[in-house]
Amino acid sequence: MRSPQLNSAPAGIPLVAVAHGSADPRAAATVEALFARVRHQRPDLDVRVSYLDHVTPPPDEVLAALAAEGAGEVVVLPTLLTAAYHSKVDLPRVLERVRADSPWLRIRYATTLGPHPLLLDALERRLAEAGATANPDTAVVLAAAGSSDPHANAVVAAAARDLAARGPWREVRTAFASAARPSLAEAVEELRTAGAQRVAVASYLLAEGFFADRVRTHCTAAGAQIVSAPLGDCPELAAVVLHRYDEALRAAPVSESAAP
């Protein structure tokens, strides 16, 4: 696994992280732990965490508070592993309302966390922690939540190819917990039928919760011997957050370009 590389760009502009949110409290706990790590790594950075659903505060409330405190510019980070409906539609609609209410607030819209090579490092970390290291006898299922957006699913497929290239896994296949095929059970069963002696599942998820539970249950029932934990609070993910923040500082604010 490669060591995360942190940048050291100026940190005077607040970072507003926007996670999906879940009714399962484990998800928010993981998000909060991740951004506590980010604050520790860059203590001069004002980091605010918000959620699109289930958990407060919502992003418009956090952005309004920053505007009221005198902030003139912010970086908004969609804390999601792939760009799909939430980052392409939901959050941009929120930012439109914020711009209407606080037109002086310059908003820089960061890229979603994935795809990024450090996420592959994090996947390898979690697999190793679960007892799976790359070898020709072990096949891997890269298990993601799944999306109705084919581009988002294609990003997951590309991540599977990149993970396979790091090898020497027997094979790496994608699987989805919802909205797309192959299903979790299908992928595991196909690998076992193809002769894999051992099937390990890499959970390409941000946090524990509904989808992580489904991945664990369905894949184990189908015969997978190992299921890794979600990426969660790890140094690689914190490094990706800071990289996306630094990237956004070099991009034009939303108010000076097309909507995200």
Side-chain angles (χ1 to χ4, degrees), residues 1-7 9 15 17-20 27 30-31 34-35 37-38 52 75-92 108-128 134 140-167 169 171-182 184 187 200-207 211-212 215 228-251 260:
M1 287 178 281
R2 298 148 182 81
S3 299
Q5 299 296 313
L6 301 180
N7 296 322
L15 168 63
V18 185
H20 180 275
T30 299
V31 172
L34 170 63
F35 284 97
R37 183 187 291 271
V38 170
L52 285 169
V75 171
V76 173
L77 171 68
T79 309
L80 306 163
L81 293 178
T82 57
Y85 185 84
H86 296 300
S87 65
K88 294 177 180 179
V89 179
D90 277 353
L91 188 47
R108 297 181 182 272
Y109 194 60
T111 304
T112 55
L113 299 176
H116 196 287
L118 283 175
L119 296 183
L120 300 179
D121 294 354
L123 285 167
E124 290 175 334
R125 171 190 292 274
R126 295 305 188 211
L127 282 167
V140 174
V141 173
L142 184 61
S147 173
S148 59
D149 185 327
H151 175 73
N153 297 330
V155 168
V156 177
R161 292 192 295 271
D162 291 341
L163 185 61
R166 294 184 174 205
W169 303 106
E171 185 179 352
V172 180
R173 295 193 185 187
T174 55
F176 302 97
S178 68
R181 301 286 294 275
L184 302 166
V201 179
S203 298
Y204 194 55
L205 302 166
L206 186 61
F211 285 119
V215 167
S228 73
L231 301 179
D233 171 28
C234 65
E236 293 85 1
L237 207 55
V240 174
V241 167
L242 291 171
H243 181 226
R244 294 306 189 206
Y245 172 81
D246 293 333
E247 274 185 334
L249 292 182
R250 296 190 292 269

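- Between G232 and T30, the shortest heavy-atom distance links the atoms CA-CG2, 3.5 Å.
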Quick one: do R126 and D121 satisfy salt bridge (Lys or Arg N to Asp or Glu O under 4.0 Å)? Show the steps, please. CA-CA 9 Å; R126 295 305 188 211; D121 294 354; over 6 Å; no
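- Taking every heavy atom of both residues into account, L34 and C234 meet most closely at CD1-O, 4.3 Å.
- Put simply, the side chain of L120 reaches to within 4.5 Å of the side chain of R166, judged on heavy atoms.
- Of all heavy-atom pairs between A17 and F35, the closest is CB-CZ, 3.3 Å.
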Can you give each donor-acceptor pair under 3.5 Å made by side-chain atoms of residues 151-163, sequence neighbours left out, with the distance rounded to 0.1 Å?
{"unit_1": "N153", "atom_1": "OD1", "unit_2": "S147", "atom_2": "N", "d": "3.1"}
{"unit_1": "N153", "atom_1": "ND2", "unit_2": "S147", "atom_2": "O", "d": "2.8"}

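- For the atom pair L142 CG and W169 CH2, the distance stands at 11.0 Å (nearest 0.5 Å).
- At least one side-chain heavy atom of Y85 sits under 4.5 Å from a side-chain heavy atom of D90.
- A pairwise comparison of heavy atoms in R108 and A248 identifies CD-O, 3.2 Å as the closest pair.
- If you run side chain to side chain contact (heavy atoms under 4.5 Å, CB included) between F211 and each of L184, L205, L206, only L205 comes through.
- Partners of R173 by salt bridge (Lys or Arg N to Asp or Glu O under 4.0 Å), not counting sequence neighbours, listed by chain and number: E171, E190.
- Put simply, OG1 on T82 and CG on L80 are 7.0 Å apart, with the number rounded to the nearest 0.5 Å.
- Within the model, atoms CG of L113 and CG of L231 stand 9.5 Å from one another, a figure rounded to the nearest 0.5 Å.
- Atom NE2 of H20 sits about 7.0 Å away from atom CG of L52, to the nearest 0.5 Å.
- Using a distance-only test at 3.5 Å, with no hydrogens or angles considered, no donor-acceptor pair links the side chain of T112 to the main chain of L81.
- Across V201 and A143, no two heavy atoms sit closer than the pair CG1-CB, 3.8 Å.
- Interatomic distance, L77 CG to E247 CD, rounded to the nearest 0.5 Å: 10.5 Å.
- You'll find the side chain of Y204 reaches within 4.5 Å of the side chain of L119, heavy atoms only.
- For the pair P235 and R125, the minimum side-chain heavy-atom distance is below 4.5 Å.
- Between Y245 and V38, every side-chain heavy-atom pair lies at or beyond the 4.5 Å cut-off.
- Residues L118 and L237 have side chains not in contact (no heavy-atom distance under 4.5 Å, counting atoms from C-beta outward).
- With values rounded to the nearest 0.5 angstrom, L123 atom CG is found 9.5 Å from E236 atom CD.
- Nearest approach of S87 to A83, heavy atoms of both residues: OG-CA, 3.2 Å.
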